[in-house]
Amino acid sequence: MRTDLLNNLNTICLEFTNKLESLAPNYPIGTGYLIGHCLAEGFKKAGFNSREVTGSAIFKDKNDKNIIYGKSIVKGTNIGYYQTWCVLEIEGESIIIDPSIKYNKVAMKNYFNLKTNSRIPDFIITNDKNSWLHTYVEDSELTPISKGFLKTVHPDVKKILINTVEELAVLFLDETNQSA
């Protein structure tokens with residue numbers, strides 16, 4: 001992935017999470033379902049090929065042991081039923097965008113006394129589903145759980161967040177990078 005594209009996606013994640021935090025009455029932990037959905041829908045509105053994905057996600061802790069959201073496909077500590085993220089198709093690549101890890105880190109520490117590996121960033125932006133630090137596995141059987149939580153969010157909040165992503169995508173992602 002080009003460095004400028006990565007930097008622009010990081011900026012989009014930063015501005016998006018700032019908007020999310022301004023709308024949330026509390027620190028928005030456990031909002032991957034909302035984040036993945038709004039990112040995917042916002043990129044689509046801006047003319048990009050993107051989708052919301054739900055499944056299992058595995059992150060390394062500070063001792064290189066697994067922290068699992070979703071089905072326990074490996075040994076480790078399971079702390080969630082699923083994870084939802086966005087996949088953006090751009091420049092011939094499928095890029096996973098998951099800024100919810102910023103909030104997951106807080107939940108891991110405060111509720112499970114777990115700390116992620118220090119090399120895991122607050123915003124995971126990668127074209128690699130499986131790395132030493134994280135693994136993402138799509139599992140459509142988990143989608144109804146994510147969608148169930150999404151239904152509890154006020155439509156105006158979703159609309160604001162989707163429109164924010166759309167505006168940021170138009171501002172930071174060049175039209176020539178769009179893939180049909």
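- Contact check for Y103 versus T17: side-chain heavy atoms found under the 4.5 Å cut-off.
- For S56, the side chain to side chain donor-acceptor pair (under 3.5 Å) criterion is met by no residue, not counting sequence neighbours.
- We find the NZ-CG distance between K158 and L150 to be 4.5 Å, quoted to the nearest 0.5 Å.
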Please table the atom pairs, donor to acceptor, closer than 3.5 Å between any side-chain atom in residues 161-173 and protein atoms at least two apart or in another chain.
residue	atom	partner	partner atom	Å
N163	OD1	K45	NZ	2.6
N163	ND2	K159	O	3.3
T164	OG1	I160	O	2.8
E166	OE1	K45	NZ	3.4

Below 3.5 Å, can you tabulate the donor-acceptor pairs from side chains in residues 110-123 to any protein atom, sequence neighbours excluded?
residue	atom	partner	partner atom	Å
N117	OD1	R119	N	2.8
N117	ND2	D64	OD1	3.2
D122	OD1	K105	NZ	3.1

Would you give me the side-chain donor-acceptor pairs under 3.5 Å for residues 35-44, sequence neighbours excluded?
residue	atom	partner	partner atom	Å
H37	ND1	E52	OE1	2.8
E41	OE2	K44	NZ	3.2

Inset, instruction - Could you walk me through whether I145 and T54 pass the side chain to side chain contact (heavy atoms under 4.5 Å, CB included) test, one step at a time? - result: CA-CA 9 Å; I145 303 169; T54 299; over 6 Å; no
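- The local environment of OH in Y81 is sparse, with at most 12 non-hydrogen atoms from other residues, nucleotides or ligands closer than 6.0 Å.
- Here T135 contributes atom OG1 and I58 contributes atom CD1; the two are 5.0 Å apart, rounded to the nearest 0.5 Å.
- Crowding of K147 atom NZ: a count of heavy atoms from other residues, nucleotides or ligands under 6.0 Å exceeding 12.
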Inset, instruction - Show the numbers, then the answer: is there a side chain to side chain contact (heavy atoms under 4.5 Å, CB included) between I67 and N104? - result: CA-CA 11 Å; I67 302 171; N104 292 355; over 6 Å; no
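- Between I97 and W85 there is no side-chain heavy-atom pair separated by less than 4.5 Å.
- One distance of note links CZ of F48 with CD1 of I90; it measures 5.0 Å at 0.5 Å rounding.
- Contact annotation: the side chain of Q83 approaches that of S100 to within less than 4.5 Å [non-hydrogen atoms, C-beta and beyond].
- Taking the side chain as every heavy atom from C-beta outward, V53 and Y136 never approach each other to under 4.5 Å.
- Among pairs with a residue in residues 3-21, those fulfilling salt bridge (charged side-chain N to carboxylate O under 4.0 Å, His left out) read R2-D4, E21-K102, at least two apart in sequence or across chains.
- Note that CG of N66 is 11.0 Å distant from NZ of K75, once rounded to the nearest 0.5 Å.
- For the pair D139 (side chain) and E141 (backbone), a donor-acceptor distance under 3.5 Å is present.
- Within the 4.5 Å cutoff, no side-chain heavy atoms of D61 are placed close to those of T77.
- For the pair S146 (side chain) and T143 (backbone), a donor-acceptor distance under 3.5 Å is absent.
- For residues 2-22, no residue pair satisfies the ring-ring contact (aromatic ring centres under 6.0 Å, His included) rule, not counting sequence neighbours.
- No donor-acceptor pair under 3.5 Å is formed between the side chain of N78 and the backbone N or O of K71.
- Rounding to the nearest 0.5 Å places CE of M1 at 7.0 Å from CD1 of I125.
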Inset, instruction - I would like to know whether T126 and H134 meet side chain to side chain contact (heavy atoms under 4.5 Å, CB included); could you show each step before the answer? - result: CA-CA 10 Å; T126 182; H134 57 76; 3.5 Å; yes
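- One distance of note links CD of E89 with CD1 of I95; it measures 8.5 Å at 0.5 Å rounding.
- Here the side chain of T11 pairs a donor or acceptor atom with the backbone of N7 at under 3.5 angstrom.
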